[in-house]
Amino acid sequence: GHLPREAVDRQRDIRVKALLNDNRNVRLDGGGDSPVGRVRQAAFIRGKGRDAPLFGQGGTTVRIENLTVSFGERKVLNSLSLTIPESGIIMISAPSGFGKTTLLRAVSGLITPDSGSIDGFGRVGYAFQEPRLLPWLSAVDNVTLVREKPDESEALCLLERLGLGGEDALKKARSLSGGMKQLVNIARALYYDCGTLLLDEPFSGLDRENIALVVNLLKERAEHMPVI
């Protein structure tokens, strides 16, 4: 028989933590309108557009203080405070519905909190839970979309390291499998010029081999920025 979804997720989390080895774990206990615009949100710039500073410039402390976010009468985050290290992988774990995605969206500036402060994250790259690809564009074009002056060779190299080299990089997004779309989603966030990287359920739909490929890239990126 098949394992329950919760057991599958738990086994995947154990494998990922083993691959990450030295991750920091944060647990939550409690509580553009156009298609292109929506895709550009996957590499959202928090702050003052392209002039937003990269993470850590000027000795900025990366801190969330007393963050509260509500939807109607439901308080999803209640006075949450965190200090984020200047580099490394930070895993946020909590049961479904406890505010993980809400926290990432608040950090990226996609939602406005009720109260509290979010400081020092600079330019933020974001891979959403769902890939949000433009189906009529190729995999590589979906990646390069997030830069005003793209370097296609760099994007192709990134896709190849994620197992999407050769013809796969040139396939239209509509023809990709679910796992391949997720890899393009992650590649796009990695390709964006940011100082903080946010990934929401990045390993969803990926097999063990692809998870290992993603983790290797995230470890490299985490040497000089926070990967959350």
Side-chain angles (χ1 to χ4, degrees), residues 32-57 62 89 101 103-111 118 121-165 168-206 210 213-228:
D33 296 330
S34 69
V36 172
R38 288 195 293 273
V39 168
R40 286 192 183 279
Q41 287 182 352
F44 190 86
I45 301 174
R46 180 180 177 84
K48 300 178 181 178
R50 287 189 302 155
D51 296 327
L54 293 179
F55 174 87
Q57 290 186 353
V62 182
I89 293 176
T101 295
L103 173 60
L104 296 184
R105 289 175 66 83
V107 168
S108 69
L110 294 176
I111 61 174
I118 302 171
F121 284 90
R123 210 175 293 173
V124 172
Y126 194 156
F128 290 103
Q129 275 186 301
E130 66 281 1
R132 297 195 182 189
L133 305 182
L134 295 181
W136 59 87
L137 291 183
S138 67
V140 67
D141 285 343
N142 269 283
V143 173
T144 59
L145 183 64
V146 298
R147 284 191 190 174
E148 291 192 7
K149 296 180 179 180
D151 180 346
E152 187 174 282
S153 63
E154 183 183 342
L156 287 170
C157 180
L158 191 55
L159 287 169
E160 185 172 6
R161 291 194 62 187
L162 288 169
L164 295 176
D168 286 338
L170 304 178
K171 288 180 180 178
K172 301 297 185 187
R174 66 169 62 95
S175 67
L176 300 178
S177 68
M180 293 168 77
K181 289 178 180 177
Q182 181 67 352
L183 290 171
V184 176
N185 178 32
I186 293 168
R188 183 176 55 197
L190 288 165
Y191 181 74
Y192 181 63
D193 183 21
C194 65
T196 304
L197 187 60
L198 307 178
L199 303 105
D200 194 350
E201 300 285 354
F203 306 112
S204 178
L206 299 183
N210 284 327
L213 293 176
V214 172
V215 166
N216 285 337
L217 282 170
L218 295 183
K219 279 186 166 183
E220 290 178 13
R221 195 58 57 92
E223 292 178 2
H224 55 87
M225 70 172 65
V227 175
I228 302 172

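In this text, all values refer to a predicted model and were calculated from it rather than measured experimentally.
Using modelled atom types, one side-chain atom of Gln182 and one backbone atom of Pro202 make a donor-acceptor pair closer than 3.5 Å. When atom types are taken as modelled, the side chain of Thr196 and the backbone of Phe121 share a donor-acceptor pair closer than 3.5 angstrom. Under the 3.5 Å distance criterion, the side-chain polar atoms of Asn142 are matched with a main-chain donor or acceptor of Leu134.
Residues Asp200 and Arg105 are not in side-chain contact: their nearest non-hydrogen atoms beyond the backbone lie 4.5 Å or more apart. Counting heavy atoms from C-beta on, the side chains of Leu199 and Leu218 come closer than 4.5 Å.
One finds the CG atom of Leu164 at 7.5 Å from the CG atom of Asn210 (value rounded to the nearest 0.5 Å). Atoms CD1 and CZ, from Ile89 and Arg221 in turn, are 11.5 Å apart once rounded to the nearest 0.5 Å. Atom-to-atom distance recorded for Leu159:CG and Leu190:CG is 10.0 Å, nearest 0.5 angstrom. With rounding to the nearest 0.5 angstrom, the CG atom of Leu162 is 10.0 Å from the SG atom of Cys157. Here OH of Tyr192 is found 12.0 Å from CG of Leu145. Values are rounded to the nearest 0.5 Å. Atom CG of residue Leu213 and atom CG of residue Leu206 lie 9.5 Å apart, to the nearest 0.5 angstrom.
Here the closest non-hydrogen pair linking Leu133 and Arg188 is CD2-NH1, 3.5 Å. The two residues Tyr191 and Glu152 make their nearest non-hydrogen contact at OH-N, 4.5 Å. Of all heavy-atom pairs spanning Gly195 and Pro226, the tightest one is O-CD, 3.5 Å. Contact between Val140 and Ala155 at its shortest, heavy atoms only, is CG2-CB, 3.9 Å.
Partners of Glu130 under the salt bridge (Lys or Arg N to Asp or Glu O under 4.0 Å) rule, at least two apart in sequence or in another chain, are Arg132. Here Arg161 pairs with Glu220 under the side chain to side chain donor-acceptor pair (under 3.5 Å) rule; sequence neighbours left out.
Ion pairing between Asp193 and Arg123 holds under the 4.0 Å rule for side-chain N and carboxylate O.
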Could you list the donor-acceptor pairs under 3.5 angstrom formed by side chains in residues 169-177, with sequence neighbours left out?
{"from": "Lys171", "atom 1": "NZ", "to": "Asp168", "atom 2": "OD1", "distance (Å)": "3.0"}
{"from": "Lys172", "atom 1": "NZ", "to": "Trp136", "atom 2": "O", "distance (Å)": "3.4"}
{"from": "Ser175", "atom 1": "OG", "to": "Lys172", "atom 2": "O", "distance (Å)": "2.8"}
{"from": "Ser177", "atom 1": "OG", "to": "Met180", "atom 2": "N", "distance (Å)": "3.3"}

Evaluation steps, side chain to side chain contact (heavy atoms under 4.5 Å, CB included), between Thr101 and Glu201 = CA-CA 9 Å; Thr101 295; Glu201 300 285 354; 5.8 Å; no
